[in-house]
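Before any comments, here is the structure.
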Amino acid sequence: MAARLIAPLAGASLLALALPAAAQHTQHPPAPAQPRAQTPAQTPAADPHAGHHAPAPATPPAPTPAQTDPHAGHNAPAPQTTDPHAGHAPPATPTPEGHDGGHARGHEGHAAMTSALGVWPMSRDASGTSWQPDLAEHGGVHRQAGDWTLMGHALLNLVYDQQNGPRGDEKTFLAGMVMGAARRDFADGSTLNLRAMLSPDPFMGKDGYPLLLAAGETADGVTPLVDRQHPHELVMELSASYARRLSDKDSVFAYFGLPGEPAFGPPAFMHRMSAMDSPEAPITHHWLDSTHIVFGVATLGYAHDGMKIEASSFRGREPDQDRYDIESPEFDSWSVRGSWNPSPEWSLQASYADVTGPEQLEPDEDETKWSASALHTARFGAEGWWASTLAWGRKTNDHGQSKDAWLLETAVSPVDAWTVFGRAERIQTDELVPGVGGGHGDLHTVSKASVGAIHDWRLAQSVRFGVGALYSVNDVPGALEPLYGGDPDGGMLFVRLKIG
């Protein structure tokens, strides 16, 4: 019952946060190529939140006691300004406003905005404790409440989905996420961050939505979902993290979630810049990031400059068919992940997980998982960006059978109003045709490719409304063609509301 009350309360809170702040900062510009050498002693803008209140002068004056205090900016009143983004240090010569309110502005001002988990730029943070390129977006509406910085963000898609062929279906559904966070920085260089993320997915029904070649989880606790994407939990994340700076390049952190995301794989698909404009879940989901919702996770990590190593203990069982509850935490599985951002454009990771009984319908079968990925983000022109992800995953069961998955996805936005996206995937799966006794069947290699576009209109500085469409084609081996009617296609029409 408590979980059912969280969604409307969080949605109302986000709107209350977003609309009064529509003229404030709504999008963090990407980090500079060399932000990490700065410390509070080296720059008056090093207060992690000072940029939200006061413009950086063109020629910094000599530091005052209030400026050298790394948290004085939380309480000092902001000078009057008619530029709602002046606090992000615009360059001496004006530049056009970039995507989502400021990518083309002077990047030097963003050096003050650091992650809640360490000394790296905030734009590097993605889902859980994962990393993305420094040049990626970090959307959100921010406000100050005493010593706390509050952030809100929402992305909601209303989708009409039609999948063709004998195994196809059609459905209209709502999907997406609403997220909020509260952060407090302390004078000793430590940071406490609280985060909650909700999803409307459960309201689409327990059997999710039609998606050919997708499989995983169950709608009723008895029958596996096949050719459908399962709904995610109402409560996708309730987490707390604590980080401590050791130097201007080193930090340690701890992350706890119920639910939360362990240290495995690239950022979850709805948080990847190359994927977030598409309402279609990838069929590689259960290879790369199905662990993004687990009921009970604890992660410890250490980061030095552009490198990070972290390890998690977590509950291996995937969520059950009740999408509204909070399940009991267990710590029966573990993972480790190494990440490296060699430049602002790139983010690389490799990870391993030992998972105990992930499948509800096969509770006695354990699994090991490998993942490796490369994320790239480039900026061009006054507003343009191009983000891509290449990822590989492998699942190996107790019987020594391994199944690989490959994903390549990309999205490009040449101007603020338009984004074009595409994805190509290939998986080895034994879940499309149940075997004897209802277990897994023969192993098949199948592929999917999709392409789409969305056009956005700004309703306010922090609110956008978009209309989009995508088309997908599927490729199955000869043995499956009679079941699928050859190589079926499908498509989606959708409208989107994005806050932050």
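All residue numbers in this chain count up from 1 along the given sequence. When reading the values below, keep in mind they use all heavy atoms of this one structure, side chains included, and skip hydrogens, waters and symmetry mates.
Judged purely by distance below 3.5 Å, without hydrogens or angles, the side chains of Thr218 and Gln360 never pair a donor atom with an acceptor atom. Side-chain contact annotation: Glu280 with Ser450, donor-acceptor N/O pair under 3.5 Å present. With hydrogens and angles left out, the side-chain atoms of Glu310 and Ser312 include no donor and acceptor closer than 3.5 Å. One side chain, Ser343 or Glu345, offers a donor N or O that lies under 3.5 Å from an acceptor on the other. With hydrogens and angles left out, the side-chain atoms of Thr129 and Thr299 include no donor and acceptor closer than 3.5 Å. No side-chain N or O of Ser413 forms a donor-acceptor pair with one of Glu383 less than 3.5 Å apart. Side chains of Thr356 and Asp366: a donor-acceptor N/O pair is absent below 3.5 angstrom, by distance only.
Scored by the ring-ring contact (aromatic ring centres under 6.0 Å, His included) test, Tyr352 finds Trp334, Trp370 as partners (sequence neighbours excluded). Looking at residues two or more places apart in sequence or on another chain, you find no ring-ring contact (aromatic ring centres under 6.0 Å, His included) involving His444. Gln132 pairs by the side-chain hydrogen bond (donor to acceptor under 3.5 Å, both in side chains) definition with nothing, not counting sequence neighbours. Residues that satisfy the side chain to side chain contact (heavy atoms under 4.5 Å, CB included) test with Ser115, not counting sequence neighbours, are Leu117, Trp120, Asp125. In this view, Ser447 and Arg426 satisfy the side-chain hydrogen bond (donor to acceptor under 3.5 Å, both in side chains) rule, not counting sequence neighbours. Checked against side-chain hydrogen bond (donor to acceptor under 3.5 Å, both in side chains), Ser239 has the following partners two or more places apart in sequence or in another chain: Glu237. Scanning for side chain to side chain contact (heavy atoms under 4.5 Å, CB included) contacts around Ala374 gives Trp346, Leu348, with sequence neighbours left out. With sequence neighbours left out, Trp287 forms a ring-ring contact (aromatic ring centres under 6.0 Å, His included) with no residue at all. In this structure Tyr160 satisfies the side-chain hydrogen bond (donor to acceptor under 3.5 Å, both in side chains) test together with Gln162, Glu170, sequence neighbours excluded. In terms of the side chain to side chain contact (heavy atoms under 4.5 Å, CB included) criterion, residue partners of Glu425 (sequence neighbours excluded) are, by chain and number, Pro282, Ile283, Thr284, Leu407, Arg423, Lys448. Looking at residues two or more places apart in sequence or on another chain, you find a ring-ring contact (aromatic ring centres under 6.0 Å, His included) between His285 and His230, His232, Phe269, His292.
In terms of modelled atom types and a separation under 3.5 Å, the side chain of Lys308 and the main chain of Trp131 share no donor-acceptor contact. Side chain of Thr410 to backbone of Ala387: a donor-acceptor contact under 3.5 angstrom is found.
Between Asp277 and Lys498 no salt bridge is recorded (no basic side-chain N to carboxylate O distance below 4.0 Å).
For residues 212-226, the salt bridge (charged side-chain N to carboxylate O under 4.0 Å, His left out) pairs, not counting sequence neighbours, are Glu217-Arg323.
Taking CZ of Arg394 as the reference point, atom CG of Leu288 lies at 13.0 Å (rounded to 0.5 Å). If you take OH on Tyr484 and CG on Leu213, they are separated by 5.0 Å, rounding to the nearest 0.5 Å. The line from CG of Asn164 to CG of Leu212 is 8.0 Å long, rounded to the nearest 0.5 Å. Atom-to-atom distance recorded for Arg143:CZ and Thr149:OG1 is 12.0 Å, nearest 0.5 angstrom. Atom CE of Met179 and atom NE2 of His153 lie 6.0 Å apart (nearest 0.5 Å). Between Leu390 atom CG and Trp406 atom CH2 the span is 6.5 Å, to the nearest 0.5 Å.
A heavy-atom distance below 4.5 Å is found between the side chains of Met492 and Tyr209. A 4.5 Å side-chain heavy-atom check between Ile326 and Glu233 finds every atom pair outside the cut-off. Residues Tyr255 and Asn193 form no side-chain contact, since every pair of their non-hydrogen atoms from C-beta on lies 4.5 Å or further apart.
Here the rule is side-chain hydrogen bond (donor to acceptor under 3.5 Å, both in side chains) with Gln349, and of Ser371, Ser130, Ser339 only Ser371 fits it.
Ring geometry for Phe494 against Phe421 counts as tilted: the plane angle lies between 30° and 60°, on a 0 to 90° scale.
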Checking Thr419 against Met276 for the side chain to side chain contact (heavy atoms under 4.5 Å, CB included) test, could you report, in this order, the C-alpha distance in whole Å, the side-chain angles of both residues, the deciding distance, and whether it holds? CA-CA 11 Å; Thr419 305; Met276 64 176 58; over 6 Å; no
As a quick check of understanding, evaluate side chain to side chain contact (heavy atoms under 4.5 Å, CB included) for Glu481 and Asp487, giving each step before the final call. CA-CA 7 Å; Glu481 286 187 355; Asp487 295 322; 4.2 Å; yes
Take Asn397 and Glu362 through the side chain to side chain contact (heavy atoms under 4.5 Å, CB included) test and state the conclusion after the steps. CA-CA 11 Å; Asn397 59 25; Glu362 297 177 313; over 6 Å; no
CA sep, side-chain torsions, deciding dist, call: Glu431, Val226, side chain to side chain contact (heavy atoms under 4.5 Å, CB included): CA-CA 7 Å; Glu431 299 180 73; Val226 179; 5.5 Å; no
Dump the intermediate steps for side-chain hydrogen bond (donor to acceptor under 3.5 Å, both in side chains) on Ser347 and Asn341, then the final yes or no. CA-CA 4 Å; Ser347 185; Asn341 280 31; 2.8 Å; yes
Could you walk me through whether Asp161 and Arg228 pass the salt bridge (charged side-chain N to carboxylate O under 4.0 Å, His left out) check? CA-CA 11 Å; Asp161 172 21; Arg228 303 190 75 88; over 6 Å; no
Stepwise salt bridge (charged side-chain N to carboxylate O under 4.0 Å, His left out) test for Arg315 and Glu327: CA-CA 10 Å; Arg315 170 179 166 145; Glu327 299 176 31; 3.0 Å; yes
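The shortest non-hydrogen separation linking Pro210 to Lys171 is CD-CB, 3.7 Å. Across Pro231 and Asp207, no two heavy atoms sit closer than the pair CD-C, 4.4 Å.
Residue Trp386 qualifies as open at atom CH2: its count of foreign heavy atoms under 6.0 Å is 12 or below.
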